[in-house]
There are 2 protein chains.
Amino acid sequence: MLRLTKKADYGLMALKYLAEQAVLAEQAGADLNLSGARSAKDIAEAYHIPPQLLAKILQTLARANLLISHAGTNGGYALARPAADISTFEVIRAIDGPLFITSCITIHGACDLAGHCTIKEPLRKVNDSITTLLSGISVADLIEPADHLPAAMAGGLVNIER
Amino acid sequence: MLRLTKKADYGLMALKYLAEQAVLAEQAGADLNLSGARSAKDIAEAYHIPPQLLAKILQTLARANLLISHAGTNGGYALARPAADISTFEVIRAIDGPLFITSCITIHGACDLAGHCTIKEPLRKVNDSITTLLSGISVADLIEPADHLPAAMAGGLVNIER
DNA sequence: CAATCTACGACCATTTTGGTCTTGCTTCCA
DNA sequence: TGGAAGCAAGACCAAAATGGTCGTAGATTG
Ligand code: SF4
Ligand code: SF4
């Protein structure tokens, strides 16, 4: 249950890696435009994950406008936005699709028991809570765990009532 | 991603159903011992879900001490504890097994990149947060959405730092 | 133009999930 | 006392999701 797919896992790792590279490039005063661009192969090697698979993941990430790709020699991928502006939720959704907890929520009306299902609404709340939680965590937070996370969202998180 | 299996879904529905039955039985001043016991078939029919499958789910739930089973004519299942004392987390874990977000967390050390994975710890925090969230929601909360949910846990929920 | 990248889609193996069937055991009660 | 009604357990199977590969085509640079 509640398993994060390996693809999403890989994606997050790559994002984090790129975020680190961006920081390094900035420190070195490098060209801001392509700061920290790395090829799929480089990242794959750094983490020992199947290069071809990672490539595909990065492509979907690029399609979702989370990454900027640049083909050709010395090309590669770079973050489309500052790491702090990319939430883990976006990443996961981009990779694994918009599917969420129950079948009914996303594949709107797919579950044939939707009519006499009494558990649907409460579960949607749980779902929302998790979404909120994930949305509150940026890629930047992954690289250096932050304790300044939005306390504001706490209320919405545990609130199941309408 | 983060998909709740249908089995868990069914399980929750059944639990909720039994919780309602328990309330009804109590109101009618019925025998407290087997209050609201229902057969697997009854529940399955009420929600139009495959009876055999539901039966198996209820069995695992009974094995996990969440339900009490009683064989024989007029037998069936009843909640082992008051609905307010059964958390959705327990239910889900009983049915879908202890698997959680990343492979590394539960199948301790299964992921072969565990060594050079830098994302593991932060994800564990996220995982814990979801666990806490789920643990805070009881079956009783499903039947009648409560707004008196523990605000105390909010802090722990969003805290990713160590 | 050649090397180095990304882009995209088809394809396949493995695992997980959802669901069925069969067989056996327990309890009640007529 | 013997069914009927119920649970218990396991083998088994079909469909879907996941993880991963391959091949080909197009962009970019030097
Ligand atoms: S059973 Fe209810 S909660 Fe589950 S998918 Fe169907 S409608 Fe949604
Ligand atoms: S990649 Fe990292 S987070 Fe994902 S399973 Fe492996 S060790 Fe855990």
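A note on names: the letters A, B, ... follow the listed sequences, proteins ahead of strands, and every chain is numbered from 1. Quick caveat, the model's predicted, so the values are computed rather than measured.
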Measure from [atom1] on [X] to [atom2] on [N] and round the result to the nearest Å.
X	N	atom1	atom2	result
Asp9(A)	dT18(D)	CG	P	14 Å
Ile43(A)	dT6(C)	CD1	C1'	12 Å
Gln59(B)	dT26(C)	CD	P	15 Å
Lys41(B)	dA8(D)	NZ	C1'	18 Å
Lys6(B)	dT16(C)	NZ	C1'	14 Å
Tyr47(B)	dG19(C)	OH	P	17 Å
Arg38(A)	dT6(C)	CZ	C1'	17 Å
Gln52(A)	dG19(D)	CD	C1'	13 Å

Residue Leu53(B), side-chain heavy atoms: nucleotide from dT29(D), dT20(C), dC29(C) that is nearest |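 Of the candidates, dT20(C) comes closest.
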
When you measure from the side chain of His70(A), which nucleotide among dG20(D), dT29(D), dA4(D) comes out closest?
->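 From the listed options, dT29(D) comes nearest.
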
With a 4.0 Å cutoff (strictly under), does any side-chain N or O of [X] reach OP1 or OP2 of [N]?
X	N	result
Ser69(B)	dA8(D)	yes
Arg3(B)	dT17(C)	no
Tyr77(A)	dC5(C)	no

Checking side-chain hydrogen bond (donor to acceptor under 3.5 Å, both in side chains) for the pair Thr102(B)/Lys120(B): CA distance, chi angles, key distance, verdict?
-> CA-CA 8 Å; Thr102(B) 49; Lys120(B) 181 173 149 185; over 6 Å; no

Reported CG-to-CD1 distance for the pair Asp141(A) and Ile86(A), which is rounded to 0.5 angstrom =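 With rounding to 0.5 Å, CG (Asp141(A)) is 12.0 Å from CD1 (Ile86(A)).
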
How about Leu18(A) and Val139(A): do any of their side-chain heavy atoms sit closer than 4.5 Å?
->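 SC-SC contact between Leu18(A) and Val139(A) ruled out.
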
Closest-nucleotide ordering on DNA chain D, the 5'-leading residue of Pro51(A) and Ala71(A) =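 The residue whose closest nucleotide sits nearer the 5' end is Pro51(A).
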
Identify, between Ala62(B) and Pro50(A), the residue whose nearest nucleotide on DNA chain D lies closer to the 5' end.
->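 Upstream on the strand: Ala62(B).
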
Any chance you could lay out the side-chain contact (heavy atoms from CB on, under 4.5 Å) test for Thr88(B) and Leu15(B), step after step, and finish with the verdict?
-> CA-CA 10 Å; Thr88(B) 53; Leu15(B) 263 289; over 6 Å; no

What nucleic acid atoms does Ala40(A) come within less than 4.0 Å of, heavy atoms only: base, sugar-phosphate, or nothing?
->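 If one applies the 4.0 Å heavy-atom cut-off, Ala40(A) turns out to touch the sugar-phosphate alone, with no base involved.
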
Is there a donor and acceptor pair closer than 3.5 Å between the side chain of Lys56(B) and the base of dG19(C)?
->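 By the distance-only test, yes, there is a pair.
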
Parallel, tilted or perpendicular for Phe100(B) and Phe89(B), by the 30°/60° rule?
->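 Judged by the thresholds at 30° and 60°, the geometry between Phe100(B) and Phe89(B) is tilted.
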
